[in-house]
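Sequence lines set the chain letters: A, B, ... in the order given, protein chains first and strands last, and positions in each chain run from 1. Treat the numbers as computed from the prediction; the structure is a model and nothing was measured.
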There are 2 protein chains.
Amino acid sequence: MKQKQADQAGENILYRYCIPEWRTVVDTGRELRSVKKGQPVFSEKDIVQGVFFIDTGKVKIHQRWGDEKELIIRFAKNGDMLGYRGLGKEKVYPVSATALEDTTLVYLDIRLFEATLQVNPRLTYALMDFYANELEATERRVRNMAHMEVKGRVAEAITMLKRDFGVNEQGFIDIKLTRQDMASYVGTTYETISRMISELEAEKLIRTSGKNIAVLNEKQLEQLL
Amino acid sequence: MKQKQADQAGENILYRYCIPEWRTVVDTGRELRSVKKGQPVFSEKDIVQGVFFIDTGKVKIHQRWGDEKELIIRFAKNGDMLGYRGLGKEKVYPVSATALEDTTLVYLDIRLFEATLQVNPRLTYALMDFYANELEATERRVRNMAHMEVKGRVAEAITMLKRDFGVNEQGFIDIKLTRQDMASYVGTTYETISRMISELEAEKLIRTSGKNIAVLNEKQLEQLL
DNA sequence: GCAAAAGTATGATTTATATCATAATTTTAA
DNA sequence: TTAAAATTATGATATAAATCATACTTTTGC
């Protein structure tokens with residue numbers, strides 16, 4: 001279950017579906033960036049200038065709502081793409097991306113990326129498939145929000161995090177989140193998350209140690225869904 | 001604001017982005033279907049056999065949850081595509097589509113459609129863009145579910161319906177939904193929808209007549225968002 | 001290494017909305 | 001056309017979760 005680390009800038013959709021001839025162009029145009037934990041990769045309302053591919057580290061994609069509240073759209077890890085939202089109809093990012101730990105990324109100018117799409121129909125096809133799947137997952141989230149109680153949504157979030165990020169040697173899910181970040185993803189308050197985690201722990205479905213979470217009883221946890 | 005009717009099977013993404021040479025192939029393979037009000041176009045768990053393009057009529061795309069509850073993912077009208085969700089990884093529809101009024105559709109075998117994508121990169125590109133935008137809209141819905149109260153979500157739904165379906169001569173939004181369908185879209189109960197609509201009407205923001213809804217004060221309605 | 005800041009657990013109270021209940025109205029189909 | 005079925009409006013009650021409050025713990029940055 002341990003997540004494989006991308007040990008080179010390359011384990012991503014861009015490189016996987018790019019024809020070799022064009023890959024040289026991309027390599028010339030690309031740029032490496034690093035972002036410290038807690039720092040933004042880009043922010044809502046920033047002018048869109050390029051797309052990012054995570055090499056190492058983890059990032060949250062989120063959106064502010066009013067003054068205090070935010071919603072986390074998704075968590076991203078090595079290999080994942082950030083910052084592309086269809087043709088540049090809108091010229092600003094509709095979301096923010098913030099590093100959850102020290103992160104390195106490959107940056108590609110938006111014009112170069114769009115040219116790359118034109119030249120590589122298979123990449124466009126893969127990207128279409130990615131969005132179609134992402135859409136389905138997001139629709140599932142809407143459904144959960146509408147009909148599932150918070151505890152079930154927390155169980156779902158933990159299950160998703162385990163699937164996407166794997167676990168480390170001690171069995172803890174390989175991503176550390178604050179209660180507030182969990183809350184912003186699940187769509188509730190950090191107090192409620194705190195309570196739900198205490199409950200799940202009392203029921204021996206999970207085990208925690210600070211921000212670490214380990215699943216103890218996967219089957220029963222999934223019964224809450 | 002009146003919605004333009006597609007007076008021929010053709011006002012859709014498929015025809016718009018299909019190269020002329022291939023269009024003949026599509027025309028040969030296509031099939032016309034009609035579905036009576038209340039009848040399914042396809043259902044969750046059905047084997048995916050093809051994709052649909054609405055010619056006339058309106059359709060809801062929805063998903064059951066447990067025994068009684070459902071969530072409406074979106075409403076579709078002439079020109080809209082139904083039933084395609086990325087490469088045929090899953091062989092069953094994850095959602096149902098049901099006619100809200102008598103509807104006619106163009107049906108295309110899934111293999112023919114995927115071949116069409118291979119031959120028409122611009123179609124793939126357009127589809128990718130469609131999904132990217134749909135994703136953004138759905139993420140917005142998740143956010144609304146998480147942070148907005150029911151009344152605001154009802155206001156948002158009404159605004160969206162007006163934008164997407166236009167209004168008729170009497171100013172009513174050109175789609176008739178039951179309170180239950182509204183509820184299933186907004187993520188609440190039909191009793192709550194009933195109350196919210198009464199409230200909005202008392203505040204003179206909308207006007208209703210049976211299932212018809214007209215917006216009276218767009219600005220103030222949008223202030224609820 | 002330590003003080004300040006950020007994050008966490010848990011209790012008490014409030015509140016929005018679900019649920020339950022009933023009567024009135026509209027739609028459907030025989 | 002008419003009776004049955006579906007839909008709607010609205011009131012009363014219950015409840016999950018938000019909010020408010022406080023003490024405790026961990027993390028951060030100088």
J.: Round to a whole Å and report the spacing from CG of A:Asp181 to P of C:dG7.
T.: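 To the nearest whole Å, that distance equals 9 Å.
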J.: Just checking, is any N or O donor in the side chain of A:Thr138 or A:Glu134 under 3.5 Å from an acceptor N or O on the other one?
T.: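 A:Glu134 and A:Thr138 do not have a side-chain donor-acceptor pair below 3.5 Å.
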J.: Quick one: side chains of residues 99-106 of chain B, donor-acceptor pairs under 3.5 Å with protein atoms, not counting sequence neighbours, listed by atom name and distance.
T.:
{"unit_1": "B:Asp102", "atom_1": "OD1", "unit_2": "B:Lys37", "atom_2": "N", "d": "2.9"}
{"unit_1": "B:Thr103", "atom_1": "OG1", "unit_2": "B:Lys58", "atom_2": "N", "d": "3.3"}
{"unit_1": "B:Thr103", "atom_1": "OG1", "unit_2": "B:Lys58", "atom_2": "O", "d": "3.3"}
{"unit_1": "B:Thr103", "atom_1": "OG1", "unit_2": "B:Glu101", "atom_2": "O", "d": "2.7"}
{"unit_1": "B:Thr104", "atom_1": "OG1", "unit_2": "B:Thr56", "atom_2": "N", "d": "3.3"}
{"unit_1": "B:Thr104", "atom_1": "OG1", "unit_2": "B:Thr56", "atom_2": "OG1", "d": "2.7"}

J.: Applying side-chain contact (heavy atoms from CB on, under 4.5 Å) to A:Ile206 and A:Thr208, what does each step give before you reach the verdict?
T.: CA-CA 7 Å; A:Ile206 63 171; A:Thr208 69; 4.0 Å; yes
J.: Any cation-pi pair here, B:Lys45 with B:Tyr93, using under 6.0 Å and within 45°?
T.: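 Verdict for B:Tyr93: no cation-pi partner in B:Lys45.
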J.: Treat primed atoms plus P, OP1 and OP2 as sugar-phosphate and everything else as base, then score nucleotides 11-19 of chain C 5' to 3': B for base contact with protein heavy atoms under 4.0 Å, S for sugar-phosphate contact only, - for none.
T.: BB---SSSB
J.: Does B:Arg153 make a cation-pi contact with B:Tyr185 (under 6.0 Å, within 45 degrees of the axis)?
T.: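 Output no; distance or angle outside limits.
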J.: The helix from C:dG1-D:dC30 to C:dA30-D:dT1: angle between its terminal axes, five pairs each, to 10°?
T.: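 The two end axes of the helix from C:dG1-D:dC30 to C:dA30-D:dT1 meet at 70°.
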J.: Does the side chain of B:Thr178 get closer than 4.0 angstrom to OP1 or OP2 of D:dA6 through an N or O atom?
T.: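 So the side-chain polar atoms of B:Thr178 never come under 4.0 Å of the phosphate oxygens OP1 or OP2 of D:dA6.
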J.: For B:Arg33, enumerate each residue passing the side chain to side chain contact (heavy atoms under 4.5 Å, CB included) test, keeping only those at least two apart in sequence or located in another chain.
T.: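 Applying side chain to side chain contact (heavy atoms under 4.5 Å, CB included) to B:Arg33 gives B:Glu31, B:Phe52, B:Tyr107.
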J.: Can you name the residues that form a ring-ring contact (aromatic ring centres under 6.0 Å, His included) with A:His62, not counting sequence neighbours?
T.: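 For A:His62 there are no ring-ring contact (aromatic ring centres under 6.0 Å, His included) partners, ignoring immediate neighbours.
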J.: Please list each protein N or O that sits under 3.5 Å from an N or O in nucleotides 22-29 of chain D, with the distance.
T.:
{"unit_1": "D:dT28", "atom_1": "OP1", "unit_2": "A:Lys37", "atom_2": "NZ", "d": "3.2"}

J.: Taking atom types as modelled, is there a side-chain donor on A:Tyr131 or B:Asn133 under 3.5 Å from an acceptor on the other?
T.: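 No - no donor-acceptor pair under 3.5 Å links their side chains.
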J.: May I ask you to establish whether A:Arg195 and A:Tyr190 are in a cation-pi arrangement, using a distance under 6.0 Å from NZ or CZ to the six-membered ring centre and at most 45° from the ring axis?
T.: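 No.
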